[in-house]
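Everything below concerns the one structure shown next.
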Amino acid sequence: MKVHRFEVRRRDGVDDPRAAEVVARSRALGVPAQGVRVARVYLIEAALDEAQRRRVREGLLADPVVEVAVEGVSPPAGRVIEIHPLPGVMDPTAQTVREAVASLTGVEAGVSTGWRYDVEGLSAEAAGVLAGKALSNPVIHAVHDGPVLPESLPHGTEKPFEVRRVAVRGLSDERLAALSREAHLFLSVEEMRAVRAEFERIGRDPTDIELETLAQTWSEHCVHKTLKSTVVYREKSGGPGGVRLSWAGRPGHEVHPDGSVTIHNLLKSTVAAATRELISEGCDWTLSVFEDNSGVVALDDRWGVNIKVETHNRPSAIEPYGGAATGIGGCIRDVIGTGLGAKPIASTDVFCVAMPGRRDLPPGCLPPARVLTEVVAGIRDYGNRMGIPTVSGGVYFDDRHVGNPLVFAGCVGLIPRGLVKGAARPGDRIIAIGGRTGRDGVHGATFSSAELESTSSVEFAHAVQIGNAIEEKRVLDAVLRARDAGPLFTAMTDCGAGGFSSAVGEMGSKIGAEVDLDRAPLKYAGLTYTEIWISEAQERMVLAVPEGNVGALAAICREEGVELADLGRFGTPGGELVLRFRGAEVGRMSMAFLHDGIPMPTREAVWETPGESPSATPSRAGGPPSVGDMLAGLLGHPNIASKHWIVRQYDHEVQGNVIVKPLVGPGGAGPGDAAVIEPVPGSGVGIALSQGLQTPVGDPGLGGDPYAMVLSAVDEVVRNLVCVGADPGRIAILDNFCWPSCAEPRNMGALVRAAAGCYDAAKAYRTPFVSGKDSLNNQLRYADPATGEPRVIEIPPTLLVTGLGRLADVGKAVTSDAKATGGVLVLVGETSGRVGASHASVLFGAVPGGTASIPGVDLTRGPATARAVAGMIEGGLIRAAHDCSEGGVLVAIAEMLIGSWGGRAGGTLGVEIAAGVAGGLTPHAWAFSEDPSRYVLEIAPGDEARVLETLRSAGIPAAPVGRITGTGRLAWRDAGLDAGVDALAKAWRAPLDW
Amino acid sequence: MPRAIVIRAAGTNCDAEMARAFELAGAPADLVHLDALIRDPSRLGRYGLIGLPGGFSYGDDVASGRVFAMKVRERLWGPMREAVERGCMVIGACNGFQVLVQVGLLPGPKGGGGWPTDRPPAQEVALTDNAGGRFVSRWVGVTFDPASVCVWTRGLLDAVPPEAAGDVSVLPVAHGEGRFVAPPEVLDRLERTGRVAVRYAENFNGSAGAVAGICDESGRVLGLMPHPERYLEWTRHPYWTRLPRGVREGVTPGLAMFRNAVSAAALAERGSLTPA
């Protein structure tokens, strides 16, 4: 069949922002193009006559007002570069065009799309640089130096079917290790030994699919074997830093006479133990914790809200756009696939990347600015298409993320309380719905559990994929209809890591399942039965459907344009997993061995108490920078600077229920502390979303302690939520650990301390963990290009705490932007002058008069402060509230002023900081310490006494620190500060105004 | 009581809030899949109001709203034309606006010529990539031209105290392809005939004439890039905590638009196409 080629480009005289963007990128790369013309290329393989082709061209492909379409190849206007997806890579536009051509002409077509760039003024070499560095990624794209018009499109070829067995019986440990590595199983020698023992016991060798099933199910990604393991923890005396912890009396912890501690199942003894204890102590609003794809808490009598946060770090390192998009896509499916189905209502995202300007990159690493730009685009294109508002997030910059960016994607759903739990029943059909299965994403689960090497982008290209949000939106529409029509199913889960193997394996773990793999619809021919079973192709869900409901479900799916396949049935006599292909048995395993057979070795953990934080003594010539210079520098630090460039690309208003936006104030310029949504419009009940991330406090390089880091992060998320009006008695939190290799006892020691912090913080703040996830082995291994020396870059131990709060009345929500002249600013909480690990001391090397140690959370006073502030917001006493966080109190006040500017209200507000506020501290130390548990509140002048008395009687330090003026300036005579708010706003917006 | 139909397709994602807008304004609303309507176009006859919601219909692959518009042109032109001719109130917001211009329902027939019966009219205006080349989600100040013939946008701010009108007259936008492009003579005709119903106070996406929304000759078919269905309550306003209490007791411009439409549709049901 002939392939017809169509090109669509802008009409002359109509601006083309895409072409302008390519010109800008070419300049940034130092290969400036004089002009660029961009065309979309469609390759359509179909028997279409001339009239049909004209209808396709004019009725489908081109806009008659702004575009022109030609069939064939238009004459070049410069050097031609064409970028096309590699065969097998998801191409959503091709899929849409295929369906549209069928609808328009009745002809079934094969479709593939690409982009043509006609570049003027570049040599072949320069064009190659532009194509390679700005227009394509070799993992998913092919670059051509001329127009592409193939004889036919690739379709895949059928392969002969044979059952493959892999010899493991009698293999030596060395051979087992080699097998694990060569087959990309990523199982340890201990685990391979357990596999060998099991098959020696059965008396046969495993088939390839059985071995792969074990590798998927036992991957760190799926089973969290490190966090569930037994750990022996020892402390070594190093420096004077860190927190002295008492280990006696902690659940699951055994303290030995030599001071070492054995912890049985780290996760269960810390994170989960806190939740369990809180529930037994009367916390009655959690509905499902740690047992489903997400955690569920009560919203009101009818509804629950469920929440999940995932990481998608490895794929995002290699292909940031696809990695981030499929990260959020997978997290959304987790939320949909909770209980008997939830409607996603909000998304969150947090990125940790290297500093954008970093130039010297280890081999195989993408430039950090490109990583950030593309992960943002990935979240944007997926989240916006799904119609889920991305309302909350953050970015943390640290050069140790150069090869290991972290991409946290979160999602919140709304679920009827009666449908929170589901369970497959024997006899239920195994129904797969959604996207077709392809070779994409094979080995994603095992890949995500391995550390990255500079060759990973070559070796694991198949683990990376592009999402198709519209496919997932169709699945969502169908699932919610099927839920509300019955429910027509008894259980549901998404196909995430491990694909069908994990989904069916989990749903049938207690009752067994038999699967006919040849029934799965495929994207192209030639997949082996193992590839079908472990493919992580996106946008698929597995449902357990009673036989009698399959017809009704199929009808809904047909109407929504969702493909449905009946893969087999749940329930086998021995609770076994039975896999067949074309009628032949290719695998038979005991679910018990699959789910409980993994050996759990004891892990070594060592904690050496850290040294002092770097010196607080000023070291630079010419004296320390002024308070004003430091303030401007901090506002321009990418960690603190405005993230409007990201926020504005996300449709954070879709569904129409956002009460407090991510950017607040009359000009939409101020940083919101947390987003507030009214999940059931008109109900008045709200949820609030925010994060806490306090990496510097736990950073070994800064004398940090991961225990203190977690306390600070929980305190931060509670502060953020309280500042918008959330009830501190109804905050659920989530943990996402991202750690370097835990085979290293030092890192395992850090993990033990962070886990202890989770327990202590959750208990003190009475904030149950309801869900969590970990990503370990985040480090990059490469050979130094100059010396050939082996190098490792470990990420700093990172724990993201996500918080979900509740507001009984959204009408009482408060925002951080300063409101009115005459308002009194009150600083709540103690300012110690300790500046260790603060942004100011990291950025400027020292803070004059500051103490070197890192301020910590007081677990009694922190929660009490949150309650007191929340009480005053509830009572309507607070005009504006802002969390005092990165950068310290002066940054917080500047942000409140920036928020008050812009829009029709115009920029007039300023602040006069009161004389003597620093008390016994230097102005620098007072302004730039980052003590936790602090809030800046704006109150009406008449309420000052009442507010101060309320706080004083609760034992919470508080003082008026300034007054809102109409001068448009932030002034502080004691510190010689007098800065225009417009200049501060400019400094704050500039770094990430991309 | 007139009923509203909100037509959705794969990738539509503002359908629920548009249905809610009609319901809060007094018209019961049904969400109907485009394919289901194509299978039974006679259903359209039951409705006095038609909503084409925002979203990314068919992924906005190829271009925004392209495939949705193609299906309407090919399979639904006759019933849509009949609905408009009998006085149906039609709104397309964001993706729905992109569909309406590509179908040819907007700006509509020139100077009293009436609608072509056999095929949809040729597309006259376009909505294409924002001048900045990027998706933008924000609230933007807008003006509703009092001289416009648009029925949807009449008197939206009548109940708002003049000193608050500027703060209230905002709408949320969220689109990557919302730059209005029209040949000068077409824009001129639209301006002269009162068809520019909504204009940006700040032309953030580079639209010709800062056009945010246009209507047909009858004023009953409105397309706009902003999302009035996201502004049904004061708590959705970007800085609602600052609005005076008195303002917050009134009706938002977003809801007022849908109320206008439902009143006009109710009158049309009783045989009058002249709004009160």
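This one's a predicted model, so the numbers in the text were calculated from it and none came from an experiment. Convention: sequence-line order gives letters A, B, ...; per-chain numbering from 1. Note: hydrogens, waters and symmetry copies are ignored here, and every other heavy atom, side chains too, is used.
Your options are A:Glu67, A:Glu99, A:Glu471, A:Glu560, and the one with the most heavy-atom pairs under 4.5 Å with chain B is A:Glu560. For the set A:Glu559, A:Met386, A:Lys819, the count of heavy-atom pairs under 4.5 angstrom toward chain B peaks at A:Lys819. Each of A:Ala377, A:Ala820, A:Gly811, A:Gly561 has some count of heavy-atom pairs under 4.5 Å with chain B, and the biggest count is that of A:Gly811. Highest contact tally toward chain B, considering only A:Asp15, A:Asn384, A:Val664, is held by A:Asn384 [criterion: heavy-atom pairs under 4.5 Å]. Highest contact tally toward chain B, considering only A:Asp817, A:Val97, A:Val658, is held by A:Asp817 [criterion: heavy-atom pairs under 4.5 Å]. Heavy-atom pairs under 4.5 Å with chain A peak, among B:Arg248, B:Arg179, B:Glu202, at B:Arg179.
By the 4.5 Å heavy-atom criterion applied to side chains, B:Asp61 and A:Gln95 are not counted as neighbours. Side-chain atoms of A:Leu60 and B:Val67, non-hydrogen and from C-beta on, do get closer than 4.5 Å to each other. B:Met70 has its side chain within reach of A:Leu104: a pair of non-hydrogen atoms, C-beta onward, lies under 4.5 Å apart. Proximity of B:Arg66 to A:Thr96: side-chain heavy atoms (C-beta onward) are nowhere separated by under 4.5 Å. Side-chain contact between A:Pro681 and B:Arg20 is present, with heavy atoms from C-beta onward closer than 4.5 Å.
In this structure, chain B has no heavy atom under 4.5 Å from any part of A:Ala469. Contact annotation for A:Arg558: neither backbone nor side-chain heavy atoms come within less than 4.5 Å of a heavy atom of chain B. With a threshold of 4.5 angstrom between heavy atoms, B:Arg75 approaches chain A through side-chain atoms but not through N, CA, C or O. Contact annotation for A:Asp381: neither backbone nor side-chain heavy atoms come within less than 4.5 Å of a heavy atom of chain B. With a 4.5 angstrom heavy-atom cutoff, A:Glu472 does not touch chain B via any of its atoms. Contact of A:Thr815 with chain B is made through the side chain alone, with heavy-atom distances under 4.5 Å. Contacts between B:Val173 and chain A at a heavy-atom distance below 4.5 Å are absent for every atom of the residue. Of the atoms belonging to B:Ala36, not a single heavy atom falls under 4.5 Å from chain A. Both the backbone and the side chain of A:Gln655 come within contact range of chain B, each with at least one heavy atom under 4.5 Å from a heavy atom of that chain. With a 4.5 angstrom heavy-atom cutoff, B:Ala69 does not touch chain A via any of its atoms. In this structure, the portions of B:Gln123 lying under 4.5 Å from any heavy atom of chain A include both its backbone and its side chain. In this structure, the portion of B:His237 lying under 4.5 Å from any heavy atom of chain A is its backbone and not its side chain. For a residue to count as touching a neighbouring chain, one of its non-hydrogen atoms must lie under 4.5 Å from one of that chain's; by this rule B:Arg73 does not touch chain A. In this structure, chain A has no heavy atom under 4.5 Å from any part of B:Ser57.
Panel note: side chain A:Arg385, backbone B:Phe56; no donor-acceptor pair is recorded below 3.5 Å.
Of all heavy-atom pairs between A:Val654 and B:Cys14, the closest is CG2-SG, 4.0 Å. The nearest pair of heavy atoms linking B:Trp240 to A:Val810 is CH2-O, 3.4 Å. B:Val62 approaches A:Leu61 most closely through the heavy-atom pair CG1-O, 3.7 Å. Taking every heavy atom of both residues into account, A:Ala813 and B:Thr241 meet most closely at O-CG2, 3.7 Å.
The salt bridge (Lys or Arg N to Asp or Glu O under 4.0 Å) test applied to B:Asp35 returns B:Lys71, not counting sequence neighbours. Partners of B:Glu17 by side chain to side chain donor-acceptor pair (under 3.5 Å), not counting sequence neighbours: none found. Residues forming a side-chain contact (heavy atoms from CB on, under 4.5 Å) with A:Val66 (at least two apart in sequence, or on another chain): A:Val14, A:Asp63, B:Ala126, B:Thr128, B:Val181.
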Between A:Arg879 and B:Arg242, is a side-chain contact (heavy atoms from CB on, under 4.5 Å) present by the stated rule, with each step listed? CA-CA 10 Å; A:Arg879 284 178 175 173; B:Arg242 290 168 177 263; over 6 Å; no
Are A:Glu678 and B:Arg236 close enough, and set up right, to give a salt bridge (Lys or Arg N to Asp or Glu O under 4.0 Å), and what steps lead you there? CA-CA 10 Å; A:Glu678 188 183 25; B:Arg236 274 57 174 177; 2.7 Å; yes
Do B:Asn13 and A:Lys473 pass the side-chain contact (heavy atoms from CB on, under 4.5 Å) test, and can you show the C-alpha distance, the side-chain angles, and the key distance before you say yes or no? CA-CA 9 Å; B:Asn13 63 31; A:Lys473 180 67 167 68; 3.7 Å; yes
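Using modelled atom types, one finds no donor on one side chain facing an acceptor on the other under 3.5 Å when comparing A:Asn657 with B:Arg230.
The number of heavy atoms from other shown groups lying within 6.0 Å of CZ (B:Arg43) is above 12. The environment of CZ in A:Arg648 is crowded: more than 12 heavy-atom neighbours from other residues, nucleotides or ligands sit within 6.0 Å.
For a heavy-atom cut-off of 4.5 Å, chain A lies close to B:Gly133, B:Arg134, B:Phe135, B:Val136, B:Ser137, B:Arg138, B:Trp139 in residues 133-142 of chain B.
Interatomic distance, CG of A:Asp477 versus CG of B:Asp15, reported as 7.0 Å (0.5 Å rounding). Rounded to the nearest 0.5 Å, atoms NZ (A:Lys661) and OH (B:Tyr239) are 12.0 Å apart.
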